There are 2 protein chains.
Amino acid sequence: MTSAADLAGLAALLADETRAGICLALLDGRAWTASELAAYAGVAPSTATGHLHRLVEGGLLVQRRQGRHRYVQLADPSVAQLLEDLSARFEPPPDRTGGLRAATASAALRRGRTCYDHLAGRLGVAVTEAMIGRGLLDNGGGFALTPAGRSWLIDLLGWDPAWPRSGRRPLVRGCLDWTERREHLGGLVGAKLCERFLGHGWVVRIGSGRAVRLTAAGQAALRDQLGITLDGEGV
Amino acid sequence: MTSAADLAGLAALLADETRAGICLALLDGRAWTASELAAYAGVAPSTATGHLHRLVEGGLLVQRRQGRHRYVQLADPSVAQLLEDLSARFEPPPDRTGGLRAATASAALRRGRTCYDHLAGRLGVAVTEAMIGRGLLDNGGGFALTPAGRSWLIDLLGWDPAWPRSGRRPLVRGCLDWTERREHLGGLVGAKLCERFLGHGWVVRIGSGRAVRLTAAGQAALRDQLGITLDGEGV
DNA sequence: ACGATCCTTCGGTGAGCACCGAACTGTCGT
DNA sequence: ACGACAGTTCGGTGCTCACCGAAGGATCGT
């Protein structure tokens, strides 16, 4: 028997626009630092500290301290699921053939989607895993780029990851995928890859959401570049 | 793209303990009057009025005016789903074998569960439908008990529904089942039946949530008493 | 050792809001 | 027509809480 106080307490965590914004930002699966989130939400660092404490206390977020940084992240794929369920009430009505459409929409999301600015879902995970051994090193809990990976990226993107970078965003970063329960590739390289995939029409967005579909050109490119075969399909 | 303000606004509706309690009460699918809810939540009628306005405005509840009464009800099965998703975070962890377990858990809920204090799901609907024509009258949108139904209950429960009752809770009441999209039996009789089913071990709770499972004894009882056959199973 | 950076703790301020009682409107029963 | 009852509107009160700036760790780079 769940008490009303429990439910109210959980809801109160999301009832503030700043905290809600923080949670939505974290929906990308990345771990953000406290000040990144403060800047993103447009509040003072001291204010963000308080919010993060409440969210961690409430079990929605987990934190990891690393030197003088405090990284926070959604606690659990179920939290992401919850946030997406809540957000789903605002998306344009799924309408038309109701249940079926909803089911195929969620299937499409599992198949492929953007996560923040990189690829996720089965597509994102497949690309990531194909890159492992082709230039991406998976050293348990983190990714790294080998020289071979660097030249592969230069060939594919015409972009050298070793170029001096402005921001401090890491080149490669693991990002937990909550439909696949595996990591996919985030970070600057993940974003560049996604940009190129979209730019070349290898994947196209389905509607206005985050779901993407692999095109025929994309299938060919994946076969040539990474030696993997995926069917685009569906809807 | 869902804005943080939307999410915060939705969450704020549930972030108050009184409103949360009202929504949980309405999880039984019944339509309550404003003063019933005020009494239930322990606040003044004027306070309840305000809360109900906000909840209706926010789309979580719908209202129906009938004479001097104002009946409110969850707007939609998806609202009930949302409330259950949120509440699920407080039930002891379903754990073990993760994803599969989650799928079977939701299947178990569809199969049989308690709804407030009576039976719901396929089990609840099957029992209700078997009782129709055996003493339960379905006069479109409401149930009523015939004399035959009364003696059936006396035989089965050793409890006479015609006894003077303390509260004002109706004897029988239809309760919309959002997995079956049919009505099942609520009210005092529904509660007594559920109590007896549990007390006799005809159904047992699965874990500590609301899901229940029909036992072998329960299958026999349903066959003898109502002439229906259901398989218990799963998990 | 030094300053820069990240984060935290601590008052203080202001707005929002949950609550009530009292007065009012509408509906029902007799 | 009358009182009883369901619900509403309207001030007024008090608490919670989001926010900031200033000051104080803690850690990093040099």
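Note that the structure is a prediction, hence the values are computed from the model and not measured. Throughout, protein chains are lettered first and strands after them, A, B, ... in sequence-line order, and every chain is numbered starting at 1.
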*On a plain distance test, is the side chain of B:Ser46 in donor-acceptor contact with the base of C:dG21 below 3.5 Å?*
yes
_Using a distance-only criterion (donor-acceptor N/O pair, under 3.5 Å, no hydrogens), is the base of D:dC5 paired with the side chain of B:Arg68?_
yes
*With side chains defined as the heavy atoms from C-beta onward, is the minimum distance between B:Val79 and B:Leu26 less than 4.5 Å?*
no
*Taking all atoms of both residues into account, what is the closest heavy-atom pair of B:Ala120 and B:His184, and its distance?*
CB-CE1, 3.3 Å
*Can you find a side chain N or O atom of B:Thr49 that sits less than 4.0 Å from OP1 or OP2 on D:dG7?*
no
*Compare the minimum distances between each of D:dC20, D:dA18, C:dT9 and the side chain of A:His53, then state the nucleotide with the smallest one.*
C:dT9
*Whole-Å distance between C:dC19 C1' and B:Arg54 CZ?*
14 Å
*asked:* Can you measure B:Tyr71 atom OH to D:dA6 atom C1' for me and round it to whole angstrom units?
replied: 11 Å
*Just how far is it from atom CD1 of A:Ile22 to atom CG of A:Leu37, taken to the nearest 0.5 Å?*
5.5 Å
*Among C:dC20, D:dA18, C:dC7, which is the nearest nucleotide to the side chain of A:Thr18?*
D:dA18
*Is it true that the side chains of B:Ser78 and A:Arg89 contain a donor and an acceptor less than 3.5 Å apart?*
yes
*Rounded to whole angstroms, how far apart are CD on B:Glu57 and C1' on C:dC17?*
16 Å
*Below 4.0 angstrom from OP1 or OP2 of D:dA18, is there any side-chain N or O of A:Arg19?*
yes
*On DNA chain D, check which nucleotide each of A:Gly42 and A:Gln66 is closest to and give me the residue with the more 5' one.*
A:Gly42
*Does the pair B:Leu60 and B:Leu10 meet the rule for a side chain to side chain contact (heavy atoms under 4.5 Å, CB included), with working shown?*
CA-CA 9 Å; B:Leu60 293 187; B:Leu10 173 59; 4.0 Å; yes
_Atom-to-atom span, CD of A:Glu17 to P of C:dA15 - whole angstrom_ = 18 Å
*Whole angstrom is fine here: how far is it from CH2 in B:Trp32 over to P in D:dA6?*
16 Å
*Verify the contact: side-chain N or O of A:Arg70 to OP1 or OP2 of C:dT8, cut-off strictly under 4.0 Å; return yes or no.*
yes
*Rounded to the nearest Å, what distance is computed from the NE2 atom of residue B:His69 to the P atom of nucleotide D:dA6?*
7 Å
*Write down the distance between CG (A:Leu52) and P (C:dC7), rounded to a whole number of angstrom.*
9 Å
_Please determine whether a side-chain nitrogen or oxygen atom of A:Ser35 lies at a distance below 4.0 Å from atom OP1 or OP2 of C:dT5._
no
*asked:* Whole angstroms only, please: what is the CG-P distance between B:Leu55 and C:dA18?
replied: 10 Å
